[in-house]
Structures are given as structure tokens and as C-alpha cells.
Amino acid sequence: MDVPIEKKKFSKSKIAILVGGLAILSLIIFVILNSGGSKLNVEKERVSINVVKKDVFQENIPVNGIVLPITTIYLDALEGGRVEEKFVEDGAMMKKGEPILRLSNTDLELSLVNQETSVYNLLTQMQISQNAARQNTITKLNQFTDVENSLTEAKRVYELNKKLYKKGAIGRQDYESSENNYAYQKQRMQLAKQVLSQDSVSTKQEVNQARSSYTRTQSALELMRKKVGDLVVRAPIDGQLTALDAEIGQSKSKGERLGQIDVLSGYKVRVDIDEHYISRIYNGQRGIVTFNNETYTLVIKKVFTQVNNGRFQVDMQFEGNVPEGIRRGQNLQIRVALSAEKQAFLVPKGGFFQKTGGNWIFKISEDGNTAYKVNIRLGSQNTEYYELIEGLNAGDKVITSSYDSYGDTEELILK
């Protein structure tokens with residue numbers, strides 16, 4: 001026989017309590033999810049905790065540079081030709097004027113021979129012309145002497161006949177004949193002087209023109225000899241020969257790069273800098289580099305304003321001592337100062353910036369058990385610190401490691 005089971009009935013008071021509890025629980029969950037006040041447990045060993053301090057601050061940027069010789073002279077082929085002989089190999093230490101290699105150029109050498117022949121022919125022609133001019137001058141001088149002698153004799157006869165005519169010793173015809181001859185000889189003398197003067201001027205002009213022509217031809221010859229001499233490539237300065245690109249039998253065009261000479265009396269550093277800083281970089285700015293655990297100062301000597309791939313270059317030189325053991329081609333990490341030193345509140349750099357953009361940071365509570373968000377404002381930066389404008393005080397502890405795993409957490413529980 002079946003026994004009927006009675007249904008349990010809840011009292012109205014129990015139902016009210018249950019409904020109220022569910023409502024409160026829902027409210028709590030809603031507040032937690034929507035209030036932004038979530039908390040997260042974090043192990044202290046997994047975060048970086050640093051202290052805000054007030055100290056000397058200088059804005060700087062990290063850059064990379066490559067060590068180069070203080071001066072590099074490029075060797076280009078002044079004349080084209082075939083490489084006939086190499087006197088030294090790449091890396092050799094050179095003295096100024098020492099030969100490096102020899103080129104051959106038959107067309108240039110033939111032009112030199114033709115130019116020399118032209119000079120010798122011109123010189124011979126000049127000598128012939130000068131001899132002819134001298135002979136012509138001698139002839140005119142002899143003619144002038146004859147005229148001068150005839151004038152003297154005509155004057156003597158005229159003066160004598162003049163006296164005799166006054167005394168009646170000779171007739172009028174003899175007197176007038178001597179007078180006319182004397183006048184004629186005077187005219188001849190004037191003409192002879194004029195001819196001799198013109199001959200002197202003409203001779204001088206011819207000589208000057210011949211000398212000018214000879215000088216120009218001689219200069220062309222010297223230039224041609226220099227061009228042939230340039231087939232032997234020599235070291236322009238003392239230094240080390242590097243990047244020599246020439247082999248026996250190889251043809252080189254005029255102006256083609258053959259190698260370079262590096263002056264080893266000093267070094268410079270060629271630095272690449274982001275174009276963002278181009279308006280803040282100028283000659284005289286300093287940078288710091290650490291080499292073999294020692295710090296050295298460099299000074300910007302030249303700024304190349306041309307931008308390539310978002311970067312521009314500067315040349316820096318060591319101020320004072322040059323690091324021992326430094327070599328061409330080495331890479332150096334340099335901190336270039338962008339401002340003067342000043343007192344400021346400093347926050348150590350860390351991964352937090354990628355998440356917060358420098359607008360806020362997790363500050364450690366006084367008891368050290370929690371960390372909560374604090375709004376901050378940062379200014380300039382260098383390789384180690386951010387300049388703190390507002391939001392924290394000296395002595396405050398903050399978390400500077402990455403916040404990527406924290407999500408939207410408002411408070412960290414440190415364990």
C-alpha cells in the first residue's frame with residue numbers, strides 16, 4: 001500500500017531571507033566586477049621595487065657609434081689605365097710619396113711624346129726666328145751707320161762751302177749743291193732712326209709672342225708629364241693603406257676608387273641618431289662612453305643634417321685621453337647629453353612605462369603589503385631615470401617592472 005508523501009513547504013520568512021541573500025550576493029558580485037577595485041595577489045620576488053629619489057639629473061640618449069680614423073684620404077685613379085705593378089699590399093704602413101701601384105696607358109704616353117716633339121719643334125723655330133731677327137737688326141744698324149756717316153760728311157762739306165762762298169772762293173752752284181745734299185742726308189737720318197725704332201718694337205713683340213707661345217707649350221708639356229706621372233699612384237699622406245682594390249692586369253677607369261689611407265694619429269666616432277633629436281644636436285655637445293671599465297668623454301665636432309632611413313649622423317672625437325686598445329671598426333655605446341645637469345625627482349626606468357605611458361604607477365603602501373595606482377607626470381629621461389614632475393615624493397617606493405600581466409587591477413597584494 002502506497003504511502004502519500006507530503007510536499008515540504010517553505011515559510012514566507014525563509015523565502016524572504018533567501019531572496020534577500022541572493023540579491024546581496026548579486027550586488028556584491030556586480031560591484032566587484034564593475035567598480036574597477038579588483039585586487040591581485042603578487043609575489044614580491046617577481047616585481048622590481050625601487051625608491052623615488054632626488055638627485056642630479058641630466059637628459060641624455062643612448063646611441064651607437066663606430067670607431068673610424070681621425071682622417072681618411074681616398075685614393076682615386078687620376079688617370080685610367082691597366083694595373084701593371086703593385087708595390088705594397090693592403091694594410092701596409094705608408095709614408096707620404098711612397099708608390100702604391102703603377103698603371104699603364106699607351107694613349108697618354110703617346111700624347112706625351114707628341115707634346116714633347118711639339119715643344120722641341122717650337123723651340124727650334126723660335127731659335128731660327130730669333131737669329132733672323134738679330135741678323136735683320138744688324139743689317140739695319142749697319143745701314144744706320146752708313147746714313148750717319150753720310151750725314152756727317154754732308155754737314156762738313158756744307159759748312160766748308162758756306163765759308164768759301166762768303167769769301168767768293170766758290171760759285172753759288174757748288175754751295176747750293178752741298179746745302180741740298182746736307183738737307184737730304186738729314187732726312188735720311190730721320191727716316192733711318194724711325195726704321196730702327198720700329199724694328200726694335202717689332203722685334204720685341206715677336207720675341208714676347210714667341211716666349212709666350214713657348215711658355216704655354218711648355219706648361220702643356222709639364223701638365224702632360226704630370227698626367228703620365230699620375231699613372232704611378234702614391235700615398236698622399238702618412239698612414240695605413242686600407243681597402244686596396246687593384247689586381248695585376250685589372251683595368252681601372254679615371255676617377256675609380258682604388259683604396260684609402262687612414263691617418264692613425266687619432267680616432268673619431270661616427271654616430272647614428274634618431275631624426276627626432278635633429279633639432280637638439282649641435283657641435284660641442286658631449287657624450288660619455290665606458291671602455292674597459294673606464295669612462296671617457298667625447299665631443300660632437302660635425303653634424304651631418306642629411307636624414308637617411310629616419311636617422312642622421314654626427315662625428316665625435318675623444319676629449320682628453322683616447323682609450324688604449326681601441327681599434328678601427330669597433331662599436332661603442334655612447335650617452336649623448338641633451339641638457340645641463342639639474343636637481344630633480346627621479347624614477348628608475350622599467351617596463352611599467354610600456355603599459356602606463358608614464359601617466360600612473362603602482363606605489364607601495366607604508367606597511368609594504370600592498371601597492372595601489374597613483375597618477376604621476378613624467379618629464380625628460382636618460383638611460384637610467386625618468387624625471388618626475390609630480391605625483392610622488394622622495395622616498396616613495398614604486399613598482400617599476402612590467403604591468404602586462406596585471407590587466408585592469410587597481411591594487412596589488414604583495415606576498
Side-chain angles (χ1 to χ4, degrees), residues 35-65 271-281 285-290 293 295-298 300 310-311 332-415:
S35 66
S38 58
K39 299 180 181 180
L40 182 68
N41 293 329
V42 177
E43 295 182 8
K44 285 186 178 181
E45 291 77 9
R46 297 189 176 219
V47 298
S48 296
I49 298 176
N50 289 281
V51 179
V52 177
K53 65 178 181 178
K54 187 173 184 180
D55 203 346
V56 175
F57 174 80
Q58 184 178 49
E59 184 182 3
N60 58 50
I61 56 173
V63 295
N64 291 323
V271 178
D272 285 332
I273 302 178
D274 191 284
E275 64 177 335
H276 174 75
Y277 299 101
I278 193 169
S279 61
R280 303 186 63 187
I281 297 296
Q285 280 180 283
R286 285 171 167 75
I288 300 297
V289 63
T290 301
N293 298 323
T295 300
Y296 298 89
T297 301
L298 298 102
I300 295 178
R311 308 188 73 81
L332 300 178
Q333 292 185 338
I334 306 168
R335 290 175 294 169
V336 177
L338 299 181
S339 68
E341 293 183 345
K342 63 180 179 179
Q343 289 288 326
F345 291 104
L346 307 179
V347 176
K349 300 186 77 171
F352 76 95
F353 190 86
Q354 282 69 33
K355 178 72 173 179
T356 70
N359 296 315
W360 58 271
I361 197 170
F362 277 116
K363 176 182 175 182
I364 307 297
S365 62
E366 293 184 0
D367 59 14
N369 294 327
T370 60
Y372 53 93
K373 286 185 177 180
V374 173
N375 292 327
I376 60 173
R377 185 161 66 93
L378 301 180
S380 303
Q381 61 178 297
N382 58 29
T383 55
E384 298 177 357
Y385 297 100
Y386 294 108
E387 178 189 13
L388 177 67
I389 304 300
E390 62 181 28
L392 296 169
N393 295 310
D396 289 343
K397 294 182 180 180
V398 293
I399 297 177
T400 57
S401 51
S402 175
Y403 294 176
D404 288 343
S405 60
Y406 298 165
D408 295 330
T409 302
E410 292 289 331
E411 185 176 357
L412 303 179
I413 308 300
L414 304 179
K415 294 184 177 181

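We number each residue from 1, following the sequence as shown.
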To the nearest 0.5 Å, what is the distance between [atom1] ([X]) and [atom2] ([Y])?
{"X": "Arg311", "Y": "Glu275", "atom1": "CZ", "atom2": "CD", "answer": "9.5 Å"}
{"X": "Ile376", "Y": "Asn359", "atom1": "CD1", "atom2": "CG", "answer": "8.0 Å"}
{"X": "Asp367", "Y": "Leu414", "atom1": "CG", "atom2": "CG", "answer": "9.0 Å"}
{"X": "Lys373", "Y": "Tyr403", "atom1": "NZ", "atom2": "OH", "answer": "9.5 Å"}
{"X": "Leu412", "Y": "Lys39", "atom1": "CG", "atom2": "NZ", "answer": "11.0 Å"}
{"X": "Lys44", "Y": "Ile364", "atom1": "NZ", "atom2": "CD1", "answer": "7.5 Å"}

[X] side chain near [Y] side chain, heavy-atom distance below 4.5 Å:
{"X": "Thr290", "Y": "Thr295", "answer": "yes"}
{"X": "Ile61", "Y": "Arg335", "answer": "no"}
{"X": "Leu392", "Y": "Ile361", "answer": "yes"}
{"X": "Glu387", "Y": "Phe345", "answer": "no"}
{"X": "Leu332", "Y": "Tyr296", "answer": "no"}
{"X": "Ile281", "Y": "Leu338", "answer": "yes"}
{"X": "Ile413", "Y": "Leu40", "answer": "no"}

Report yes or no: is the cationic atom of Lys363 (NZ for Lys, CZ for Arg) under 6.0 Å from the centre of the six-membered ring of Tyr372, at an angle within 45° of the ring normal?
->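 No cation-pi geometry.
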With no hydrogens and no angle check, is any side-chain donor or acceptor of [X] less than 3.5 Å from a backbone partner on [Y]?
{"X": "Thr383", "Y": "Pro62", "result": "no"}
{"X": "Gln285", "Y": "Ala337", "result": "yes"}
{"X": "Thr409", "Y": "Glu411", "result": "no"}
{"X": "Asn382", "Y": "Gln58", "result": "yes"}

Identify the heavy atoms of [X] and [Y] that sit nearest to each other, and give their distance.
{"X": "Ser48", "Y": "Ser401", "answer": "N-OG, 3.2 Å"}
{"X": "Asn50", "Y": "Pro348", "answer": "CB-CG, 3.5 Å"}
{"X": "Asn375", "Y": "Trp360", "answer": "OD1-CB, 3.8 Å"}
{"X": "Ile399", "Y": "Val47", "answer": "CG2-CB, 4.1 Å"}

Pick out which of Val289, Ile288, Val63, Asn64 makes a side-chain contact (heavy atoms from CB on, under 4.5 Å) with Gln333.
->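 For Gln333, the side-chain contact (heavy atoms from CB on, under 4.5 Å) test succeeds with only one of Val289, Ile288, Val63, Asn64, which is Asn64.
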Residue that, paired with Glu59, satisfies side chain to side chain donor-acceptor pair (under 3.5 Å) out of Gln381, Arg280, Lys342 |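 Exactly one pass, corresponding to Arg280.
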More than 12 non-hydrogen atoms from neighbouring residues, nucleotides or ligands closer than 6.0 Å to CD on Gln343, yes or no?
->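 Buried by this count: over 12 neighbours within 6.0 Å.
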Counting only heavy atoms not in Lys397, do more than 12 sit closer than 6.0 Å to its NZ atom?
->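 Not more than 12 within 6.0 Å, no.
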Show your reasoning for whether ring-ring contact (aromatic ring centres under 6.0 Å, His included) applies to Phe57 and Tyr385.
-> CA-CA 8 Å; Phe57 174 80; Tyr385 297 100; 7.9 Å; no
Report the relative orientation of the aromatic rings in Tyr386 and Phe353; use parallel for angles under 30°, tilted for 30 to 60°, perpendicular for over 60°.
->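 Rings of Tyr386 and Phe353: parallel, as their planes differ by under 30°.
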